[in-house]
Every structure is written in C-alpha cells, then in structure tokens.
Amino acid sequence: MTGALYMYLTKEEEAVLNGERGEAAQIAMSVLVKLGEAYEADRMIKIQHAHIDAASYATIYEAGLQFCEKMVSAGALFKVPATINPSAIDFEAWRELRVPSEVTEKQIRLARAYIKMGVIPTWTCAPYQNGANIKYGQNVAWGESNAVFFANSVIGSRTNRFGDLLDVCAAIIGKVPRFGLYLSENRRGTMLFELQDLPVKKFTRSDYGALGFLIGSTAGTEVPVVVGIPRSVTVDQLKFFGAAAATGGPCALCHIVGVTPEARTLKAATRGEKFKDKVTIDLREFKEVKEKLSTTGDREPDLVAIGCPHCSVEELREIASYLEGRRVKRGVELWIFTSPSAKSLAREMGLLNAIEGAGGMLIAGSCPLYLPLSGWGFKVLITDSAKMAYYAPGLHNVDVVFKDTLSCLKAATTS
Ligand code: F3S
C-alpha cells in the first residue's frame, strides 16, 4: 500500500515510506507523498540539486529547529547536493549587529543540524552565483523565491517554489512529486508583456527590479512572457528583476524572449499557442511603480541597505570603487549583504578594506529582513532592492526610499 491517493510509487519508494530505509527517510517521504497527493502528482521524479530556504531561525523558529534536529537524530542525510539560504546571523559579526545571544545560539544549532545532514554551507539567496551547479533541463528542488525564478527563467532548470522544510525533505529523498513546473505543459507562457518606450538599454539594476515587480504583480498566477529585454542584460540585472517579480506575485517562471533558454523566440515561449492576455507597460506605469516602492520621498535615511539578493563580487567591486576615498556619514549605517564566499573573495581582492575603510559593513550570510532592526531604532531605510523596499516597512516598521545603487551610496556618504 502506498497510502497515496493519486501518486504511483515504485517498490523502492514504498519501502522508504514503510520505514525500511530509516525513520528520517520515512518522515521525509511521507511529507512528499502528502504534497504529491495535494497536487495530484502522478509519480515521483529524481532531482539533481536542492536549495534550502528554511535556513534562518528568524523564520522557522523553534518548530523548524526541532524538526531539523529530529531529522538528524533519525539519521537524515542529503542525497543530492544542497545549498542553503541566508541565516538569521552573520556568524562572525552577530554581536556588532546586535543579534540577541539566544537567537545566535539557536541559529548555530540549526546550522550544525544542516551540516550533519550534508548541506553545502553557502548561506546565500543567490546560490546561482555561489557554486550551485545546475543546468538547463534538470529537475531541482529550490526554495527562496528569487532563486526559484532564476533557476526556471534564466538557467532553464525546473523547480516549483518549495516552502520551508519541504526543500529539506526533497534533499533527503533526492526526489519530488511531479507536478506544477516539472511538467512542460505548465511552463507555457500565457500572458504577454510588451514594453513601450522604456529606456531598457539604460536600465539600472533597480530599474530591472521595478519592472520585475510590475510584471510579477500583474501576472498573478499566469506565466509571463516579456518582449523587449535586450540580450545584453546582465546576470545581476536578471537577479534584481527576478527577485522583484517573485515579490510582486507568485511568479516562479517568466519567459524573457531571447534570454530564457525555453524562450529563444516568442513562439517557443508559448509553445505555439495563443496568449490569454496581453499587457503593454509604458513609461508612466513604470515611473508609478518606482514611486510606489518608496514610502517617503525626502527624509534622510539612517540605514542604507544594499545586497538583496546578495551582492555578487562584481557588484562589490563597483561599490568598493565608489567608496574609495569617501566616508560613511555620521548617524548613518551602510550595510552591504553578500555570501560568505563572495566576502572571502572581496577580502582577497582588497574590496573589503575599501568598504570597511569607508565605514561600511559587509555582512556575510545573512539578510536585512532577518536582523533585529528594531533594536537599532532606524527610521528611514534606503535600498536599491524592490524586494526589500516592499517587505521592510511591514517587517521593520521603517519608511523606505527605493533608489538605484549609486543614489543609495551617495545617500550613505559624504562627497
Ligand atoms: Fe536574500 Fe533576504 Fe533579500 S534572503 S533576496 S537578502 S530578503
């Protein structure tokens, strides 16, 4: 007996479900079977990689920690390479960031549990820039909405948007139920977006964020197809675009014609079928969404936060070069978020010195939304990230100014 209403299980999968491969695998498989039942999956499929979203004690709390520790004591081991999202702390600088020691202690326990399961401790929301070697056509199980977007839309791997701890179960079993974006028919583009008079060739990363936010919030559960983004778009620009699209709505896949591997042409994006809807984005709408992402216009920021998603080495180089010979203003914090591996490269390249020399802080492996900002009493945050601009007011009770990276750096420093 499989216990699954709709899903076929092989003899091996049934054995796992019946506990013949140990308790941890049994728990993980039973969760995945329930997931498959809920989505009427027909069977399980192998995955090549997992990205764990349930990384921060500040989001999964005690129940999540207990689940992970329970899985470790039940013998859990990841069957596929698995990277992991930012944690609640910078493991080296939690004191400076005023993270309470109880949170740090719990986060360290969580990290130990993941290491025992075999995670690659990347602590980043940009795994695609930090060693997650996945490729076109592969099935993977990724959590973290911006990473899911990137895997599907830029690399052409296939993943659903996995919630916390489902990703852990998938990594333990090395399989997921086949539904949603694992099926070719659900990857077809259904809503066309055309850009009218937008100066895309001059777009900053933040402009791409604003455009992504607008498309994600308009598309809802449809699969957007965007025409008009130049092939010269950079990985960092796509990172900003995807993070914001996945913030504006449930967007996990967007066909960017000429960029997305499955959308070399418009016809390929729709698999030759008609669109359900067509939308034209003009300059007025684009400017409106940029304005709406700020909650205040002219108040001076006391926190400048850059690196959501985490900065790449290229972005750190650009930031460090601006900061050379400048100083962060008194009464202002400049926080730049990146992965531990990018920070280590930045150290070797002298970029860390430039950032810290100017009075900024390069925070590794954590996230501005997980840190206890209330303890700092910040009033106004300026950011180049549409994702952070959207979430920070609700989570941290601050006003937000949404601007491009250069304006953020100008706001942080004396000229
Ligand atoms: Fe990453 Fe946190 Fe932004 S996880 S995408 S820095 S909200």
Side-chain angles (χ1 to χ4, degrees), residues 51-60 64 83-91 93 97 99 107 110-111 114 119 121-130 132 142-151 153-154 161-164 167 205-206 208-210 212-213 216 235-252 293 303-312 315-316 319 334-343 361-373 381-396 398 400 402 405 408:
H51 181 69
I52 310 295
D53 188 36
S56 164
Y57 180 76
T59 57
I60 62 169
T83 46
I84 192 161
N85 231 34
S87 92
I89 61 172
D90 176 325
F91 289 96
L97 291 165
V99 181
Q107 181 65 58
L110 186 61
Y114 278 125
V119 84
T122 49
W123 306 116
T124 184
C125 47
Y128 43 85
Q129 293 184 313
N130 289 274
W142 278 22
E144 167 53 47
S145 60
N146 98 82
V148 168
F149 179 100
F150 199 95
S153 316
V154 181
R161 201 163 149 164
F162 281 94
D164 281 353
D167 40 19
R205 292 186 290 270
S206 309
Y208 270 103
F213 188 85
V235 166
D236 285 322
Q237 287 169 335
L238 289 166
K239 175 172 73 176
F240 273 64
F241 178 83
T247 299
C251 188
L293 282 163
L303 174 61
V304 181
I306 296 172
C308 169
H310 279 175
C311 283
S312 64
E315 290 174 284
L316 293 179
I319 292 164
L334 170 60
W335 289 357
I336 300 154
F337 291 81
T338 194
S339 66
S341 58
K343 182 170 179 179
M361 191 166 177
L362 188 56
I363 298 168
S366 192
C367 161
L369 299 183
Y370 303 161
L371 292 173
L373 297 200
L381 177 158
I382 185 169
T383 180
D384 57 355
S385 160
K387 178 172 181 175
M388 205 193 317
Y390 179 78
Y391 284 120
L395 283 172
H396 290 311
V398 286
V400 162
F402 172 63
T405 314
C408 291

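We count ligands from 1, going down the list as the structure has it; atoms in each ligand are counted the same way. Counting begins at 1 with the first residue of the sequence. For the numbers below, each heavy atom of this structure counts, side chains included, while hydrogens, waters and symmetry mates do not.
You'll find the ring centres of Phe150 and Tyr128 inside the 6.0 Å limit.
The existence of a salt bridge linking Glu315 and Arg205 is confirmed by a sub-4.0 Å separation between a basic side-chain nitrogen and an acidic carboxylate oxygen.
Around atom 2 (Fe) of ligand 1, the protein N, O or S atoms found under 2.8 Å comprise Cys367 SG.
Relative orientation of the Phe241 and Phe149 rings is perpendicular, given thresholds of 30° and 60° on the angle between their planes.
In this structure, Thr83 contributes its side chain and Ala132 its backbone to no donor-acceptor pair below 3.5 Å. No donor-acceptor pair closer than 3.5 Å links the side chain of Asp167 to the backbone N or O of Trp142.
Side-chain contact of Asp384 with Ser206: a donor-acceptor pair under 3.5 Å is absent, judged by distance alone.
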